[in-house]
2 protein chains.
Amino acid sequence: MNAERPADALIDLAQEFRNALRQSVFVLRRLDAHAELSSAQLSVLKMALDGGARVGEIARDLGVKVPSATEQIIRLERAGLLRREADPDDSRAVRVLATAEGRAAVDLADRRRNEHIAAILATLDQNERDAISAALPVFHKINSSVRA
Amino acid sequence: MNAERPADALIDLAQEFRNALRQSVFVLRRLDAHAELSSAQLSVLKMALDGGARVGEIARDLGVKVPSATEQIIRLERAGLLRREADPDDSRAVRVLATAEGRAAVDLADRRRNEHIAAILATLDQNERDAISAALPVFHKINSSVRA
DNA sequence: CCTAACTATTAGGCTTCCTAAGTATGAACG
DNA sequence: CGTTCATACTTAGGAAGCCTAATAGTTAGG
């Protein structure tokens, strides 16, 4: 019985990785399920915190097209969690800024989500947590390369 | 300066883990973007391969409610990739079975996706791939606990 | 100036998810 | 048997999120 060729090992890892991706979506859906802010909305608000962000920047961060970001922003604006202002440097652009309510909503939602995940992580043993911890930067790297 | 309390370390890990989840969605969206079958549709078809599956089982696997699964199934049926039959053991139930075209579509889509991911994994060094590899079973465990 | 590039919004459409309500079958019990 | 309750699925209606194409306004470069 021959050793597996390197290429096959990569494909196998890819297969397992895809499963993990699928599961991530699942977990995230559960996390979003009964939250007042979706994961994406939380991301928008976070960008709107310090000095705000432009619509295009938010779209890029979310990984969606500009009109989709506009939609989310309008929704959050109607909810009173952020406001839109003309950018002083470039009148074509719009700066998106969190309101005090928005800031409070981020704090609350962030805390709740972290506690929820932490409770799950607490059921793991230390080796398992270390494995996750070691993999996270690699996830980040993969994501960056996909975004590029 | 005190060492961090264990609970804080967990919260920090949770925060990073959430980021990774968010990134996973991003990667998966890219993967789905120009594919003829979405990730979810591919999952449905895979369950329909050997002996088929019932609608409720498919819904559970996808992590959605039954009507949402029905919708996907109908779409795939219209595309000729699967068919529905009455379950011989229980006439209330419906068995979902892949057609030959469905089987071929799974093979093709699976191969394409694996190759796509493998190409990304190929840009990592061995330590990074090992880190991913070690984390995958833990992902699986987390997912199972969330599903339960 | 005038044209080309950029930023954001609007309009229209598709997919996917949900809840609620309806149909049909199965199972339990008197 | 027949009533009743539970189970399996479908249908209907609606919300959220994403997209492309078209539009309006602003900036920047010949």
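These numbers were taken from a predicted model, which means no experiment stands behind them. Chain naming here is simple, since letters A, B, ... match the order of the sequence lines and numbering starts at 1 in each.
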Peer 1: Identify each atom pair where a protein N or O and an N or O of nucleotides 8-11 of chain C are less than 3.5 Å apart, giving names and distance.
Peer 2:
| from | atom 1 | to | atom 2 | distance (Å) |
| --- | --- | --- | --- | --- |
| C:dA8 | OP1 | A:V55 | N | 3.3 |
| C:dA8 | OP1 | A:V94 | N | 3.2 |
| C:dA8 | OP2 | A:G56 | N | 2.9 |
| C:dT9 | OP1 | A:R84 | NH1 | 2.3 |
| C:dT9 | OP2 | A:T70 | OG1 | 2.8 |

Peer 1: Starting at NZ of B:K65 and ending at C1' of D:dG14, how long is that distance when rounded to a whole Å?
Peer 2: 17 Å

Peer 1: Using a cut-off of less than 4.0 Å, is there contact between a side-chain N or O of A:Q72 and OP1 or OP2 of D:dA16?
Peer 2: no

Peer 1: Pick base, sugar-phosphate or nothing for B:S68, based on heavy-atom distances below 4.0 Å to the nucleic acid.
Peer 2: base

Peer 1: Does a side-chain N or O of A:S91 approach OP1 or OP2 of D:dT27 to a distance below 4.0 Å, or not?
Peer 2: yes

Peer 1: Over how many whole Å does the gap from A:D61 atom CG to D:dC18 atom P extend?
Peer 2: 12 Å

Peer 1: Examine distances only and state if a side-chain atom of B:R78 and a backbone atom of B:I73 form a donor-acceptor pair shorter than 3.5 Å.
Peer 2: no

Peer 1: Can you tell me how far the CZ atom of A:R112 sits from the CG atom of A:D110, to the nearest 0.5 Å?
Peer 2: 12.0 Å

Peer 1: Mind checking what makes ring pair (Phe, Tyr, Trp, His ring centres under 6.0 Å) contact with B:F17, not counting sequence neighbours?
Peer 2: B:F139

Peer 1: What is the separation between atom CG on B:L42 and atom P on C:dT16, rounded to the nearest whole Å?
Peer 2: 13 Å

Peer 1: Which is more 5' along DNA chain D, the nucleotide nearest A:P88 or the one nearest A:R75? Just name the residue.
Peer 2: A:R75

Peer 1: What is the nucleic acid contact for A:D90, judged by heavy atoms within less than 4.0 Å: base, sugar-phosphate only, or nothing?
Peer 2: sugar-phosphate

Peer 1: Could you tell me how far apart B:D32 (CG) and D:dG17 (P) are, to the nearest whole angstrom?
Peer 2: 18 Å

Peer 1: Main chain of B:V96, side chain of B:R54: is a donor-acceptor contact present, judged purely on distance under 3.5 Å?
Peer 2: no

Peer 1: Donor-acceptor pair, A:S133 side chain versus A:R129 backbone, under 3.5 Å?
Peer 2: no

Peer 1: Under a 4.5 Å cut-off applied to non-hydrogen side-chain atoms, are B:L42 and B:R113 in contact?
Peer 2: yes

Peer 1: Whole angstroms only, please: what is the CD-P distance between B:E77 and D:dT11?
Peer 2: 10 Å

Peer 1: Expressed in angstrom and rounded to an integer, what is the separation of B:R30 atom CZ from D:dC19 atom C1'?
Peer 2: 14 Å

Peer 1: Flag the pair A:D61 and B:R22 as a salt bridge only when some basic side-chain nitrogen lies within less than 4.0 angstrom of an acidic carboxylate oxygen.
Peer 2: yes

Peer 1: Nearest whole angstrom, please: distance from the C1' of D:dG17 to the CD1 of A:I58.
Peer 2: 16 Å

Peer 1: A:L28 CG to D:dA16 P: how many Å, rounded?
Peer 2: 18 Å

